[in-house]
Amino acid sequence: MKHQWKGFLSGVLVTVLAIGLIGTAAAAGRQTQATLNYTGINITYNGAKVTPTDAQGNPVEPFIINGTTYLPLRGVAQILGLTVAWDAASNTAALTDGSASTTSPFTLSAGQYTVGKDIQAGKYDCRAISGSGNFMGNVSSQILGTLNELLAAETETTAIQMGYHPAYSNLELKAGDTIYIGGSLTVQFTAK
């Protein structure tokens with residue numbers, strides 16, 4: 001009888017652990033293997049051939065999976081004059097056309113942004129809310145017209161120990177200035 005209880009309890013424990021592991025794996029996201037067909041897909045915009053690029057300006061090739069053609073979002077958005085921001089915290093790609101006013105606070109992720117088009121001119125406090133990376137640009141209010149900082153969210157302890165800063169205060173942006181955000185960095189801008 002005692003042996004049966006041990007077997008029963010062991011079975012319950014194994015079942016609970018299996019359900020917990022499966023639930024954790026399911027919550028972490030989904031991965032699928034697929035065959036990508038790179039077949040020299042061309043893109044035209046208003047009749048002219050265009051080449052989509054990534055945030056660093058490198059060409060990105062479209063591909064086909066199971067008969068569906070996939071185009072790089074950032075590359076196509078840039079061709080259309082849109083800006084793409086990646087919010088790692090919410091796993092969201094945000095497209096903007098510059099016509100909407102930027103309300104404070106707002107967040108921007110890896111990419112290039114032009115003040116007056118993508119961001120309103122003004123004075124901002126900037127805080128890394130996730131990831132780490134370069135926070136730089138051609139900013140006329142800075143010494144020599146250049147902003148070059150390494151920012152990291154406070155949770156990125158290794159980067160903070162390496163000298164990255166969690167925030168940058170009193171950033172004055174004027175029309176025509178350009179901001180570049182690199183790496184996995186997401187920055188929150190709060191108007192002053």
Side-chain angles (χ1 to χ4, degrees), residues 11 13-100 102 106-114 117-119 127-137 148-160 162 164 178-189:
L13 182 60
V14 168
T15 302
V16 168
L17 285 173
I19 290 171
L21 290 173
I22 291 169
T24 301
R30 182 176 66 126
Q31 292 184 353
T32 303
Q33 289 186 351
T35 301
L36 308 180
N37 295 313
Y38 292 94
T39 58
I41 298 167
N42 294 309
I43 300 174
T44 62
Y45 179 64
N46 289 334
K49 183 177 177 183
V50 293
T51 301
T53 58
D54 63 16
Q56 288 73 40
N58 302 311
V60 182
E61 188 176 349
F63 56 88
I64 298 171
I65 300 175
N66 296 327
T68 299
T69 304
Y70 292 86
L71 304 176
L73 179 63
R74 180 178 303 278
V76 172
Q78 288 173 342
I79 290 166
L80 298 173
L82 302 174
T83 299
V84 179
W86 175 250
D87 183 352
S90 66
N91 210 26
T92 302
L95 300 174
T96 56
D97 64 5
S99 64
T102 310
F106 61 93
T107 60
L108 298 174
S109 296
Q112 175 178 328
Y113 306 93
T114 302
K117 177 183 174 193
D118 307 311
I119 308 170
R127 174 163 297 285
I129 59 170
S130 68
S132 63
N134 295 327
F135 183 58
M136 54 191 176
N148 191 0
E149 292 290 324
L150 295 172
L151 293 184
E154 292 176 350
T155 56
E156 301 285 333
T157 54
T158 302
I160 296 292
M162 291 172 43
Y164 286 57
T178 306
I179 294 290
Y180 306 93
I181 300 173
S184 61
L185 180 62
T186 299
V187 179
Q188 181 179 56
F189 291 73

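All of these numbers come straight from a predicted model, not from anything done at the bench.
Once rounded to the nearest 0.5 Å, the distance linking CD1 of Ile129 with CG of Leu108 reads 9.5 Å. Interatomic distance, Thr157 OG1 to Met162 CE, rounded to the nearest 0.5 Å: 11.5 Å. To the nearest 0.5 Å, atoms OG1 (Thr155) and CD1 (Ile160) are separated by 8.5 Å. Note: Asn37 CG to Ile65 CD1 = 8.5 Å, rounded to the nearest 0.5 Å. In this structure, Ile64 CD1 and Thr69 OG1 are separated by 4.0 Å, a value rounded to the nearest 0.5 Å. Here the CD1-CG distance, from Ile43 to Leu71, works out to 4.5 Å after rounding to the nearest 0.5 Å.
Heavy atoms from other residues, nucleotides or ligands lying under 6.0 Å from CG of Asn58 number more than 12.
For the residue pair Tyr164 and Gly133, the shortest heavy atom distance occurs at CE2-N, 4.0 Å. Here the closest non-hydrogen pair linking Pro62 and Tyr38 is O-CD2, 3.5 Å. Shortest non-hydrogen contact noted between Ala152 and Ala159 is CB-CB, 3.6 Å. Nearest heavy atom pair, residue Gln112 against residue Asp118, reads O-OD2, 4.1 Å.
Using a 4.5 Å cut-off on side-chain heavy atoms (C-beta onward), Leu36 and Tyr70 make no contact.
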